Colleague: 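My questions all concern the structure below.
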Amino acid sequence: MFTIKWNGDSVTILDQRLLPMQEVYNTYRHFRDVADSIRNMETRGAPAIGIAAAMGIALAALTVASNEIENFKEEMNRICQIFAGTRPTAVNLFSAIGRMKKIIEKGNDISQIKQQLEKEALAVYQEDIEANKAIGRNGRTYLNDGDVVLTHCNAGALATGGYGTALGVIRAAIEEGKKIHVYACETRPYLQGARLTTWELSRDNIPVTLITDSMSGHFMRTGIIKKVIVGADRIAANGDVANKIGTYTHAVLAKENGIPFYVAAPVSTLDPDTKSGNDIPIEERSVDEVVFIRNEQIAPEGIFIRNPAFDVTPAKYITAIITEKGVVENPASSGIGKLIKS
Ligand code: MRU
């Protein structure tokens, strides 16, 4: 299984909309299809969409016809803008696009720029896998043998280049011999937990129990859940974390019940330019995701519906932010400054 693959002249993407019932890979030769695959959730998860954008931009460069450097750069910048417009919350998308734009700006030879863009896209991909392994090594000490760990959404191999962030920490703890049981929240409305996290973990024989989002408080209060670990889409300078809608609720419940709440993310998810969670743009997705479950309408016509895809968990609810460059414990007191300087 892989999330995304660069083929030299095309990009292959696992269609996550069809999981777990079908494992289908689509190969795209045109950058617009790659941009669409981010927009329509064929690929998703903050690091994975950054990788998809980088590969999509490298792919676009191969097809831009212009032989004139300024025209080429103008066209490539326009394409970067298309990728920037796909999803607003995960900052990894913008950091990956920023890396590609730098190459376009600096270059003065079209064929060299094309080669460098391909190299950079592969670096974004490879660095993410390495970062996840390091996040796992840095985070595994926070999990004890026998822990039942709650996670929300999918912050696993499917959401990244491979291995995963939150699920990477769980994988690393298991690799060092600890017994960990995962409670996966279904993650309404898009069901990343029910469809993706359970699929990914059970393929690796990691014990997983599926619960609905509203059950987490019950399992915390009754002492079943010992830790919570989630990924992130953007972490503001003050340590506030945007992640999949529902994360905030789990964090408040964890604090109320004295349960550690960890966030695992690569430094590409840190956004020192965004002061606090209040400044993070929250994507509102189609209300159809709320009203329909697998094409079945579950609510009447003519009502008001909202569908924010993310929420913000204030730093005060977070026990530690685990990255590949180190861990910030109690981010409410220090923000992410330590990680930015390292
Ligand atoms: O809407 P999605 O599925 O892209 O949202 C994904 C999440 O919120 C993940 O938890 C986050 O991106 C971390 S992935 C390592």
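Atoms within each ligand, like the ligands themselves, are counted from 1 in listed order. Since we're looking at a predicted model, the values are computed, not measured.
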Colleague: Going hydrophobic residue to hydrophobic residue with side-chain gaps under 4.5 angstrom, can you get from I38 over to L158?
Modeller: no
Colleague: Please check this pair: side chain of S95 against backbone of V91, looking for a donor-acceptor N/O pair closer than 3.5 Å.
Modeller: yes
Colleague: List of N/O pairs, ligand 1 versus protein, all under 3.5 Å?
Modeller:
unit_1   : atom_1 : unit_2 : atom_2 : d
ligand 1 : 1 (O)  : R87    : NH1    : 3.4
ligand 1 : 1 (O)  : R87    : NH2    : 2.8
ligand 1 : 1 (O)  : K244   : NZ     : 2.7
ligand 1 : 3 (O)  : R44    : NE     : 2.8
ligand 1 : 3 (O)  : R44    : NH2    : 3.3
ligand 1 : 3 (O)  : Q192   : NE2    : 2.8
ligand 1 : 4 (O)  : G45    : N      : 2.9
ligand 1 : 4 (O)  : R87    : NH1    : 2.8
ligand 1 : 8 (O)  : D233   : OD1    : 2.8
ligand 1 : 8 (O)  : N243   : OD1    : 3.3
ligand 1 : 8 (O)  : K244   : N      : 3.3
ligand 1 : 10 (O) : N243   : OD1    : 2.7
ligand 1 : 12 (O) : A46    : N      : 2.9
ligand 1 : 12 (O) : D233   : OD1    : 3.3
ligand 1 : 12 (O) : D233   : OD2    : 2.9

Colleague: Mind checking the CG-CD1 spacing from L167 to I180? Nearest 0.5 Å is all I need.
Modeller: 12.0 Å
Colleague: Do Y262 and I322 make a side-chain contact, defined as non-hydrogen atoms from C-beta onward lying under 4.5 Å apart?
Modeller: yes
Colleague: Is it true that Y248 and H250 have ring centroids separated by less than 6.0 Å?
Modeller: no
Colleague: Between K227, K178, K179, K226, which is the residue that forms a salt bridge (charged side-chain N to carboxylate O under 4.0 Å, His left out) with D147?
Modeller: K227
